[in-house]
Amino acid sequence: PRFGQAFVTMEIRMQITASCIAKPHIPHANPHSKTQLFQVAWQAILKRPFVSGGFTWTGWDYRGEPTPYSWPDVNSHFGILDVAGFWKHRAHWYFSCWTPSDSAVLHLLPHWNWKACPSCSTKVLVDVWVYSNLEEVELIHPNGTSLGRQKSSQCSHVEWPSVPYMPGVLSAHGYMGGKVVKTSVVRTTGSPSALRIGIIDGVGADGIVANGQDVGLVFVEVIDDNGDVVPTASNMISVSAKTGAEEIQMALCTVLVLC
């Protein structure tokens, strides 16, 4: 994930259950139930033309009302976007729901960095979901075998429960008219080895005017030796500004102002 502070905002945290099945853990709910709630709601709305739309709380994570954690957490975590505006998994569901199929959307989750459960005699099993606006989705295991195709429907998802974890590349193929039109992958990364810094949405990419008003939006990523972002990294990141720049916000991104 992209970091800018010690307390990282995430909508979905992963846990290993007693049966060694890895499931997204949603605050105050059963696994996946937060996603199921807005999927169920929108299926009901789509079937009723007299309903004009729906309302979700919240669009963004925000500081205050820490849910479901306590201090030192200071944020609520049930928004579609995190506090810095980065997309969470749920945002990709909305994107797949409202994007026409001529612009393929295929979002595969969760990450693919898992460790064996010391107290378990069986392999780690992972529930895998895909959000897509395509006709069919096929899941390919890291061992190269197909776990089958599933038909996709509007504003829903496809899932493969209890997929045996194996380090490597897990991939999803999206089909239209029987042909693969898009592929999405999650891969097992190495350990954190470096930081990568960049500009968000081009804000500050051409330089920042030293007038006390101009800003740059900066992100920092934790990467491995291959340059892949490590999704399970929890390193403490500190940010400092030099040459007259002042750091005015530090969330999952940093805003710099040149004074």
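Contact check for Leu170 versus Trp160: no side-chain heavy atoms found under the 4.5 Å cut-off. Using a 4.5 Å cut-off on side-chain heavy atoms (C-beta onward), Val128 and Leu109 make no contact. Between His107 and Phe95, the closest side-chain pair of non-hydrogen atoms is not below 4.5 Å. Side-chain atoms of Phe78 and Thr58, non-hydrogen and from C-beta on, do get closer than 4.5 Å to each other. Using a 4.5 Å cut-off on side-chain heavy atoms (C-beta onward), Asp61 and Leu81 make no contact. The shortest distance between side-chain heavy atoms of Ile237 and Val222 falls below 4.5 Å. Using a 4.5 Å heavy-atom cutoff, the side chains of Val203 and Val215 are in contact. Contact of the Arg90 side chain with the Thr56 side chain is registered, since non-hydrogen atoms from C-beta on lie closer than 4.5 Å.
Here the shortest heavy-atom pairing between Val185 and Ser171 reads CG1-CB, 3.6 Å. Smallest separation of non-hydrogen atoms from Val137 and Val158: CB-CG2, 3.9 Å. Nearest heavy atom pair, residue Trp114 against residue His111, reads NE1-O, 3.2 Å. Closest heavy-atom contact between Thr188 and Trp112: OG1-O, 2.8 Å. Closest approach of Gly174 to Leu106, counting heavy atoms only: N-CD2, 3.6 Å. Considering all non-hydrogen atoms of both residues, Ile200 and Phe219 come closest at CG1-CD2, 3.6 Å.
Hydrophobic cluster membership is shared by Ile199 and Val220, with clusters built from Ile, Leu, Val, Met, Phe, Trp and Tyr side chains linked at under 4.5 angstrom. Put simply, Val186 and Met166 are part of two different groups of oily side chains (I, L, V, M, F, W, Y) that touch within less than 4.5 Å, one to the next.
The number of heavy atoms from other shown groups lying within 6.0 Å of CD (Glu65) does not exceed 12. At most 12 heavy atoms of other shown residues, nucleotides or ligands fall within 6.0 angstrom of atom CG in Asp201.
Rounded to the nearest 0.5 Å, atoms OG1 (Thr99) and NE2 (His92) are 11.0 Å apart. Here the straight-line distance linking atom OG of Ser153 with atom CD of Gln39 works out to 8.5 Å at 0.5 Å rounding. One distance of note links CG of Leu46 with CD of Gln154; it measures 5.0 Å at 0.5 Å rounding. One distance of note links CD of Glu135 with CD of Gln150; it measures 15.0 Å at 0.5 Å rounding. We find the OG-CG distance between Ser184 and Leu108 to be 5.0 Å, quoted to the nearest 0.5 Å. Atom CG of residue Asn235 and atom CG of residue Leu195 lie 7.5 Å apart, to the nearest 0.5 angstrom.
Partners of Tyr94 under the ring pair (Phe, Tyr, Trp, His ring centres under 6.0 Å) rule, at least two apart in sequence or in another chain, are Phe38.
The side chain to side chain donor-acceptor pair (under 3.5 Å) pairs that include a residue from residues 136-146 are Glu136-Arg149, Glu138-Ser146, Glu138-Tyr175, His141-Asn143, Asn143-Thr145, where partners are two or more places apart or lie in different chains. Applying the disulfide bond (SG atoms under 2.5 Å apart) test to every pair with at least one member in residues 39-89, sequence neighbours left out, gives no pairs at all.
Using modelled atom types and a 3.5 Å distance limit, the side chains of Asn113 and Thr189 yield a donor-acceptor pair.
Each of Trp42, Tyr131, Trp93 was compared with Trp98 under the ring pair (Phe, Tyr, Trp, His ring centres under 6.0 Å) criterion, and only Trp42 meets it.
A distance-only check finds no donor-acceptor pair linking the side chain of Lys182 to the backbone of Val105 [under 3.5 Å]. In this structure, Ser132 contributes its side chain and Val130 its backbone to no donor-acceptor pair below 3.5 Å.
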Task: From CA spacing to verdict: side-chain contact (heavy atoms from CB on, under 4.5 Å), Val229, Arg196 - done: CA-CA 9 Å; Val229 175; Arg196 181 166 57 206; 3.6 Å; yes
Task: Worked check of side-chain contact (heavy atoms from CB on, under 4.5 Å) between Asp228 and Ile223 - done: CA-CA 5 Å; Asp228 293 324; Ile223 60 175; over 6 Å; no
Task: Candidate pair Ser152 and Asn133, rule side-chain contact (heavy atoms from CB on, under 4.5 Å), full reasoning - done: CA-CA 7 Å; Ser152 180; Asn133 62 349; over 6 Å; no
TODO: Begin from the C-alpha positions of His77 and Asp73 and carry the test side-chain contact (heavy atoms from CB on, under 4.5 Å) through to its verdict.
DONE: CA-CA 10 Å; His77 296 269; Asp73 176 63; 2.8 Å; yes
